[in-house]
Amino acid sequence: MSEQGESDPEAGAPTPAATDRDRSEAITELAKRRGFFFGASGAYGGVAGFYTYGPQGASLKDNLESAWRDRFTVRQGNYEIEAPTVMPEAVFEASGHLDGFDDMLVECPECGTSHRADHLIEDATDIEDAEALPIPEVEELLREHDVRCPTCDAPLSDEPVEEFNLMFETSIGPGSGQAGYLRPETAQGIFVEFPRLKEYARNQLPFGVTQIGPAYRNEISPRKGLIRVREFTQAELEQFIDPETDEPPLEEVEDVEVTLYSAEAQADDDGEAYTTTVGEAVEDGTIGSPWVGYYLGVAQGWYERVGVDPDRFRYRQHLPGELAHYAADCWDAESEVDGDWIEITGFAYRGDYDLSKHADHSGESFTVFKQYDEPRTVERPTVDPDMATLGPEFGGAAGDVAEALETLAERDPDAFDAEEVTVEVDGEEHAVATDTANFSVEEVTENGEHVTPHVVEPSFGIDRIVYTLIDHAYETDTVDDEERTYLALDPELAPTHAAVFPLVSNDDRLLEVADGVVSDLRDAGLSVTYDDSGSIGRRYRRQDEVGTPFCVTVDRDGVEGDGEPTVTLRDRDTTAQVRLPASALAETLASLRAGETAFDAVSEAYERVD
RNA sequence: GCGCCGUUGGUCCAGUGGUAGGACAUUAGCUUCCCAAGCUAAUAGCCCGGGUUCAAUUCCCGGACGGCGCACCA
């Protein structure tokens with residue numbers, strides 16, 4: 001992915017890289033100092049890849065999850081579940097996570113290439129299943145056979161062999177109980193429960209199941225703060241569809257503008273991301289799956305709603321080599337942070353891969369029975385072999401012969417026109433009298449069929465989106481010749497909805513009114529903070545830094561009039577203020593938060609303060 | 001996992017073979033009627049383990065954590 005986000009080495013000072021670095025450091029510092037996020041378990045030296053969200057961050061993340069739930073669960077009419085984070089080994093045998101990740105790797109000291117140690121042993125010896133050997137033995141074999149790096153021929157005999165499986169293993173129950181793994185994606189918790197979930201959906205396709213929760217990957221090298229971590233939160237939707245008949249309501253999103261970075265554009269040296277509409281991109285085949293196109297459109301609106309900067313956002317198509325073997329088409333949503341493009345969501349058409357795998361491994365049914373409008377009568381060639389004849393004639397092979405006859409009847413019914421038919425079992429040909437096979441063509445009534453649904457999966461990385469929101473909201477400006485840092489978070493997402501200040505703390509009237517305002521607003525369900533410490537400007541700055549969109553200040557003018565108390569309401573981004581009755585606050589703030597009103601409208605309705 | 005660099009109050013930094021200093025922040029009191037910088041005081045720190053030394057925050061080794069590059073990221 002070297003084509004992504006690299007800075008131009010020939011750019012003049014200050015280089016974009018340096019600027020991005022400074023900005024990234026400033027954001028990390030703010031996140032630590034103000035309680036958005038920080039490395040976990042610091043008292044014990046910390047552990048890479050694990051982060052604690054502080055008070056501001058936990059609230060921001062919670063608000064983001066609520067916004068996701070609102071859009072992808074509630075508004076889509078989907079079902080949300082909560083599955084365990086630990087699941088037994090069999091689940092991951094079926095999903096392919098176990099095999100795919102249990103590699104013994106040895107790294108070449110000269111050229112740095114990693115090789116499968118078990119494969120090298122298999123090549124150098126006549127051992128067939130080296131993967132089953134314990135690591136010390138593999139290391140010993142590397143020494144014995146003086147194995148060398150296939151790439152550069154450097155000796156690997158003294159190199160350590162590492163086992164890399166990205167799943168965290170644990171044991172369930174006491175002693176050497178059952179092996180379990182922390183889920184590497186929330187999706188498996190949905191797939192595994194499909195047989196029951198389809199009952200809740202009353203066996204009707206399409207339906208969607210969502211889950212928000214933690215997933216775990218034992219990353220080799222966690223990096224870049226929240227971007228590469230070992231425990232993270234996913235919000236996933238598994239949309240189950242009938243591949244034959246279900247089509248997305250594309251008309252809802254066909255006019256949504258999206259920035260696409262197609263596989264074709266990526267392959268082309270001059271290729272660039274370009275803007276189009278969902279409808280056009282599906283129409284011209286750039287987006288291969290209408291269902292994927294539909295969710296790209298839905299998600300676009302959601303990203304904008306929660307505060308992702310559309311100018312630093314794009315959909316990137318997976319290159320042919322990147323595609324999982326079961327995926328027909330896959331797009332990533334990417335945001336630009338610190339000069340890099342990072343994947344924040346994957347949109348994949350997974351076909352029936354997952355459900356089929358679980359059906360094979362579990363023996364359960366992962367299908368939906370689709371009833372026809374009218375029962376269908378079909379002619380079905382069948383055999384009913386006379387086992388009393390076949391048994392004595394073929395002995396132990398009789399069962400296989402009967403089975404072969406059934407297969408032949410389905411495949412080539414005309415063969416039974418002859419006096420006898422010949423079937424092959426284990427390479428041996430057996431002739432059977434047609435009479436013995438009891439061939440007939442029956443009329444069968446079929447009321448429907450079992451369909452293995454296909455899956456469309458939008459999979460969101462919540463932590464990366466949280467980081468994106470902070471990065472895209474981070475602004476500096478100048479107010480009264482003082483530099484100011486603020487987070488222009490959307491009011492819906494901001495950790496604190498409003499802060500309430502008495503302008504000065506030596507006037508009991510102001511304190512009383514401020515107390516009352518705080519109670520009112522909290523009763524109205526708003527998250528409110530109170531602060532009477534330090535100069536008013538300092539208190540505004542504190543709130544600016546954590547992205548509180550509105551500050552309420554109680555001043556003497558507001559309590560000395562004849563009528564009810566008035567207060568001033570300050571807008572974070574512009575620092576503009578209006579004066580309004582304290583009694584109107586709760587409704588006004590709720591409306592501002594919901595996005596039903598803009599501050600400008602409030603500003604026009606009331607008296608501006610300069 | 002490899003290489004280079006780093007780790008000192010909450011944050012950002014300075015500094016020293018004899019256990020440390022600033023700025024900002026925080027707290028208390030005073031002051032204070034609208035945008036971080038008034039006054040006084042207080043709280044608070046040398047990443048962890050081992051070694052060398054009379055003495056280690058400082059030097060050496062190892063580890064953890066962080067940044068960058070490489071590898072990895074189903």
Side-chain angles (χ1 to χ4, degrees), chain A residues 1-2 17-18 21 24-26 28-35 38-50 54 92 95-103 105-115 159-167 184-185 217-225 227-230 322-327 338 342-343 346 477-486 501-507 509-510 532-545 551-560 567-570 572 574-577 579 609-610:
Chain A
M1 309 209 179
S2 58
R21 185 91 53 81
S24 156
E25 281 172 6
T28 304
E29 189 267 327
L30 186 147
K32 240 191 287 188
R33 186 163 45 80
R34 287 298 187 196
F38 51 89
S41 306
Y44 292 93
V47 51
F50 293 92
F92 301 109
S95 70
H97 287 96
L98 200 56
D99 277 351
F101 282 137
D102 208 19
D103 297 346
L105 294 188
V106 60
E107 186 175 322
C108 173
E110 295 296 326
C111 68
T113 317
S114 283
H115 303 282
E159 296 308 308
V161 173
E162 306 284 346
E163 189 159 286
F164 283 163
N165 188 310
L166 288 187
M167 285 196 294
E185 58 176 10
R217 296 179 193 184
N218 201 0
E219 294 286 350
I220 297 163
S221 176
R223 283 285 168 86
K224 295 199 179 251
I227 306 303
R228 277 276 293 284
V229 289
R230 292 187 166 126
E322 265 180 288
L323 286 173
H325 59 279
Y326 52 81
D338 307 333
I342 59 167
E343 176 191 347
D477 66 0
T478 304
V479 175
D480 292 351
D481 293 331
E482 296 287 348
E483 188 167 306
R484 174 176 81 127
T485 299
Y486 65 103
F501 312 139
L503 184 56
V504 290
S505 53
N506 60 353
D507 186 330
R509 293 174 302 173
L510 304 191
D532 63 6
S533 156
S535 76
I536 189 68
R538 174 173 302 196
R539 284 177 271 166
Y540 285 144
R541 293 297 196 275
R542 280 186 192 131
Q543 296 307 318
D544 288 342
E545 268 201 330
C551 290
V552 175
T553 303
V554 184
D555 62 0
R556 228 172 260 155
D557 290 348
V559 299
E560 283 178 343
V567 297
T568 64
L569 183 66
R570 168 189 181 267
R572 174 196 60 208
T574 60
T575 75
Q577 286 181 286
R579 179 175 296 281
V609 180
D610 293 313

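Note on naming: letters A, B, ... go to the chains in the order of the sequence lines (proteins, then strands), and numbering restarts at 1 for each one.
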With A/Val554, the side-chain contact (heavy atoms from CB on, under 4.5 Å) member among A/Thr568, A/Val567, A/Asp507, A/Asp532: A/Val567
Value in whole Å for how far the P atom of B/rA36 lies from CG of A/Asp477: 12 Å
Any A/Lys32 side-chain nitrogen or oxygen under 4.0 Å from OP1 or OP2 of B/rC12: yes
Sugar-phosphate, base or nothing in reach of A/Arg539, heavy atoms under 4.0 Å: nothing
Pairwise C1' distance, B/rC5 and B/rA42 [rounded to whole Å]: 38 Å
Donor-acceptor pair under 3.5 Å, A/Ser505 side chain vs B/rU32 base: yes
Interatomic distance where CD belongs to A/Glu545 and P belongs to B/rC12 [whole Å]: 13 Å
Length of the CG-C1' vector between A/Leu30 and B/rC24, whole Å: 14 Å
Among B/rA74, B/rU26, B/rC35, the one nearest A/Thr575 by side-chain distance: B/rC35
Gap between atoms CG and C1', on A/Leu503 and B/rU31 respectively (whole Å): 14 Å
Separation of B/rU32 C1' from A/Phe501 CZ (nearest whole Å): 16 Å
Of A/Glu25 and A/Val554, the one whose closest RNA chain B nucleotide lies more 5': A/Val554
A/Arg484 (side chain) and B/rC35 (base): donor-acceptor pair under 3.5 Å: no
A/Arg33 side-chain N/O to B/rU26 phosphate OP1/OP2 under 4.0 Å: no
Over all atoms of both residues, closest heavy-atom pair of A/Val504 and A/Asn506: CG2-OD1, 3.2 Å
Any side-chain donor near an acceptor of the partner, A/Glu545 and A/Thr485, under 3.5 Å: no
Nearest listed nucleotide, side chain of A/Asp555, among B/rC34, B/rU32, B/rC35: B/rC34
Selected nucleotide, minimal atom distance to A/Thr568 side chain, candidates B/rC12, B/rC34, B/rA36: B/rC34
Proximity to the side chain of A/Ser533 - top-ranked nucleotide from B/rU27, B/rC35, B/rC72: B/rU27
Phosphate OP1/OP2 of B/rA36 contacted by A/Arg541 side-chain N/O (<4.0 Å): yes
Any N/O donor-acceptor pair, A/Tyr540 side-chain to B/rC34 base, under 3.5 Å: yes
Side-chain donor or acceptor of A/Arg230 paired with backbone N/O of A/Arg217 under 3.5 Å: no
Nearest-angstrom distance from the residue atom CZ of A/Phe92 to P of B/rA74: 16 Å
Nucleotide nearest A/Arg538 (side chain, heavy atoms from C-beta), chosen from B/rU27, B/rC35, B/rA36: B/rA36
Shortest side-chain distance from A/Arg228, nucleotide among B/rU32, B/rC72, B/rC34: B/rC72
Counterpart residues, salt bridge (charged side-chain N to carboxylate O under 4.0 Å, His left out), relative to A/Glu560 (two or more places apart): A/Arg509
Short side-chain to backbone donor-acceptor contact, A/Ser535 and A/Arg538, under 3.5 Å: yes
A/Ser221, nearest nucleotide to its side chain (from B/rC73, B/rC34, B/rA71): B/rA71
A/Asn506, nearest nucleotide to its side chain (from B/rC35, B/rC34, B/rU32): B/rU32
Nearest-angstrom distance from the residue atom CZ of A/Arg572 to C1' of B/rC34: 19 Å
Side chain A/Asp480 and base B/rC35 donor-acceptor under 3.5 Å: no
Contacts of type salt bridge (charged side-chain N to carboxylate O under 4.0 Å, His left out), residue A/Glu29, not counting sequence neighbours: A/Arg33
A/Val47, nearest nucleotide to its side chain (from B/rC65, B/rC72, B/rA74): B/rC65
Structure string for RNA chain B in dot-bracket form, Watson-Crick and G-U at under 3.5 Å, | interchain: (((((((..((((....[..)))).(((((.......)))))....(((((..]....))))))))))))....
Geometric cation-pi criterion, A/Arg570 with A/Tyr540: 6.0 Å, 45°: yes
Touch class at under 4.0 angstrom, heavy-atom based, for A/Gly35 against every strand present: nothing
No-H, no-angle donor-acceptor pair, A/Glu219 side chain to B/rC72 base, under 3.5 Å: no
Sugar-phosphate, base or nothing in reach of A/Asp507, heavy atoms under 4.0 Å: base
